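Shown next, in structure tokens, is the structure this report addresses.
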Protein chains: 2
Amino acid sequence: MTDGPEEDREPRTAWSSLGDFIRSQRELANLSMRQLAEIAKISNPYLSQVERGLYKPSADVLKQIANALHLSAETMYTQAGLLDSNAEQDNHHGVEHAIKLDPRLTVDQKEALIRIYRSFAGGGSGG
Amino acid sequence: MTDGPEEDREPRTAWSSLGDFIRSQRELANLSMRQLAEIAKISNPYLSQVERGLYKPSADVLKQIANALHLSAETMYTQAGLLDSNAEQDNHHGVEHAIKLDPRLTVDQKEALIRIYRSFAGGGSGG
DNA sequence: TTGGTGTGCTAAGTCTACCAAGCACCCGGG
DNA sequence: CCCGGGTGCTTGGTAGACTTAGCACACCAA
């Protein structure tokens, strides 16, 4: 669609801001699309479409781009709306939470520990 | 629900895959695939495939599942390898730490829990 | 002028995350 | 025996994330 020099910047989706963000960061780093794409190991046309908001990149690609731009993955995910700004960062130290996440424990062991913990703590420290 | 007690368990050192993690968390929450799929707003066959490692879910789906399981999105992303784990997320350290910080427990209870936990976890890697 | 190299953008195709429907199995009741 | 309802798993198909090839324009050299 050979449009003229005046291009209307219309946010057709919520994630077009992500494209703007990436583009500004890329220009800030003085990288061409092909350069950034090379570093991030994606194709340059795809980067173009991402920057213009046509596609929503997967988290994997997002991480690669963030890495190439020397940004944290969290920042990228937040920009992409995959993470709430920093409410999620503050992970509470719940005992049950920690137990559930422990890879050394079997499911049965977790259930046992949680049962014991609840009997100690006197009720639902629900997680 | 209770399938054979002799199930192939993957190496204890880490979650062999995201699917195993999700399945454990689901079983820990006493949810069937259809129930979790319903809450997470994905299809039950897809959940089955994800749990068996056939597909790698998108961050969006990951977030939904995390929410349905009352886990933080960060935790899920970390499990999926999309985020590097922070000190906050460090799990086997986390259980003892969380126990020590819990104001509901007496010192004796904490010691008991930690002893049980260590017996379960195999006593390795303290600290 | 022509040619080579830079930029970003477009078109057509591949791969895969994801869904709807259905299968095989097991259990309790008629 | 045959149902009805529970479990997890398989099949076939769709949408979109992503790639490889190629377009159009701009700049500098011969």
Side-chain angles (χ1 to χ4, degrees), chain A residues 1-10 12-16 18-69 76-77 79-82 107, chain B residues 1-8 17-68 76-77 79-82:
Chain A
M1 75 193 247
T2 61
D3 42 5
E6 190 58 59
E7 188 174 345
D8 52 332
R9 192 68 64 182
E10 189 171 341
R12 52 177 58 176
T13 51
W15 30 270
S16 74
L18 172 65
D20 286 341
F21 174 74
I22 292 178
R23 174 161 295 189
S24 57
Q25 291 301 312
R26 176 176 62 81
E27 290 173 346
L28 218 66
N30 277 310
L31 291 171
S32 71
M33 281 189 163
R34 284 182 167 85
Q35 285 173 329
L36 176 55
E38 171 85 358
I39 302 171
K41 297 195 180 73
I42 62 176
S43 66
N44 34 90
Y46 182 56
L47 179 57
S48 167
Q49 298 178 22
V50 163
E51 285 192 353
R52 296 187 307 130
L54 274 72
Y55 289 125
K56 172 186 169 178
S58 71
D60 226 14
V61 168
L62 236 38
K63 188 180 178 181
Q64 300 274 29
I65 296 175
N67 194 37
L69 289 173
M76 264 303 182
Y77 295 164
Q79 283 291 331
L82 269 53
V107 172
Chain B
M1 171 205 301
T2 54
D3 48 343
E6 203 62 77
E7 190 77 14
D8 250 312
S17 72
L18 173 66
D20 285 343
F21 173 74
I22 293 178
R23 175 160 294 190
S24 329
Q25 294 302 309
R26 177 176 61 81
E27 290 173 346
L28 213 64
N30 276 311
L31 291 171
S32 72
M33 281 188 164
R34 284 183 167 82
Q35 285 174 328
L36 175 55
E38 170 86 358
I39 301 172
K41 298 195 182 75
I42 61 176
S43 66
N44 36 89
Y46 183 55
L47 179 57
S48 169
Q49 290 164 333
V50 164
E51 286 191 356
R52 295 185 309 125
L54 274 73
Y55 291 128
K56 173 187 164 183
S58 71
D60 231 10
V61 168
L62 236 38
K63 193 177 179 180
Q64 301 270 30
I65 296 176
N67 195 36
M76 265 303 183
Y77 293 165
Q79 283 295 330
L82 269 52

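Letters go in sequence order (proteins before strands), and every chain restarts at 1. Please read all numbers here as calculations on a predicted model, not as lab measurements.
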Worksheet item: Sub-3.5 Å donor-acceptor pair from the side chain of B/Lys56 to the main-chain atoms of B/Leu18, do we have one?
Response: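 Not confirmed, B/Lys56 side chain does not pair with B/Leu18 backbone.
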Worksheet item: Is a donor on one side and an acceptor on the other found under 3.5 Å between the side chain of A/Arg26 and the backbone of A/Leu31?
Response: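 Side chain of A/Arg26 to backbone of A/Leu31, a donor-acceptor pair under 3.5 Å: yes, one is there.
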Discussion item. I need the CD-P distance between A/Glu38 and D/dC18, as an integer number of Å.
Written reply: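 For the pair A/Glu38 CD and D/dC18 P, the rounded distance is 18 Å.
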Worksheet item: Rounded to the Å, how far apart are A/Leu54 CG and D/dC18 C1'?
Response: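 Taking atom C1' of D/dC18 as the reference, CG of A/Leu54 is at 13 Å.
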Short side-chain N/O contact to [N] OP1/OP2 from [X], under 4.0 Å:
X	N	answer
B/Ser48	D/dC9	yes
A/Ser58	D/dA17	no
A/Arg52	C/dT10	yes
B/Arg23	D/dC9	yes
B/Ser32	D/dT7	yes

Practice prompt. When you get a sec, tell me which of D/dA17, C/dC9, D/dC9 is the closest nucleotide to the side chain of A/Tyr46?
Written response: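 From the listed options, D/dA17 comes nearest.
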Discussion item. From C-beta outward on B/Met33, which listed nucleotide comes closest to its side chain: D/dC9, D/dT19, C/dT10?
Written reply: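 Within the option list, the nearest is D/dC9.
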Fill in: Where protein sits on nucleotides 21-26 of chain D, one letter per nucleotide: B base, S sugar-phosphate only, - none, heavy atoms under 4.0 Å
B-----
Worksheet item: Toward the 5' end of DNA chain D, which comes first, A/Val61 or B/Tyr55, by nearest nucleotide?
Response: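 Counting from the 5' end, the first nearest nucleotide belongs to B/Tyr55.
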Worksheet item: Considering residues, nucleotides and ligands other than B/Gln35, do more than 12 of their heavy atoms fall under 6.0 Å from its CD?
Response: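 Enclosed.
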Item to complete: Check every strand shown and say whether A/Gln49 touches a base, only sugar-phosphate, or nothing at a heavy-atom separation below 4.0 Å.
Response: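 A/Gln49: base contact, heavy atoms under 4.0 Å.
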Worksheet entry | Residues in side chain to side chain contact (heavy atoms under 4.5 Å, CB included) contact with B/Gln49, at least two apart in sequence or another chain |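 Side chain to side chain contact (heavy atoms under 4.5 Å, CB included) list for B/Gln49, sorted by chain: B/Tyr46, B/Leu54, B/Tyr55.
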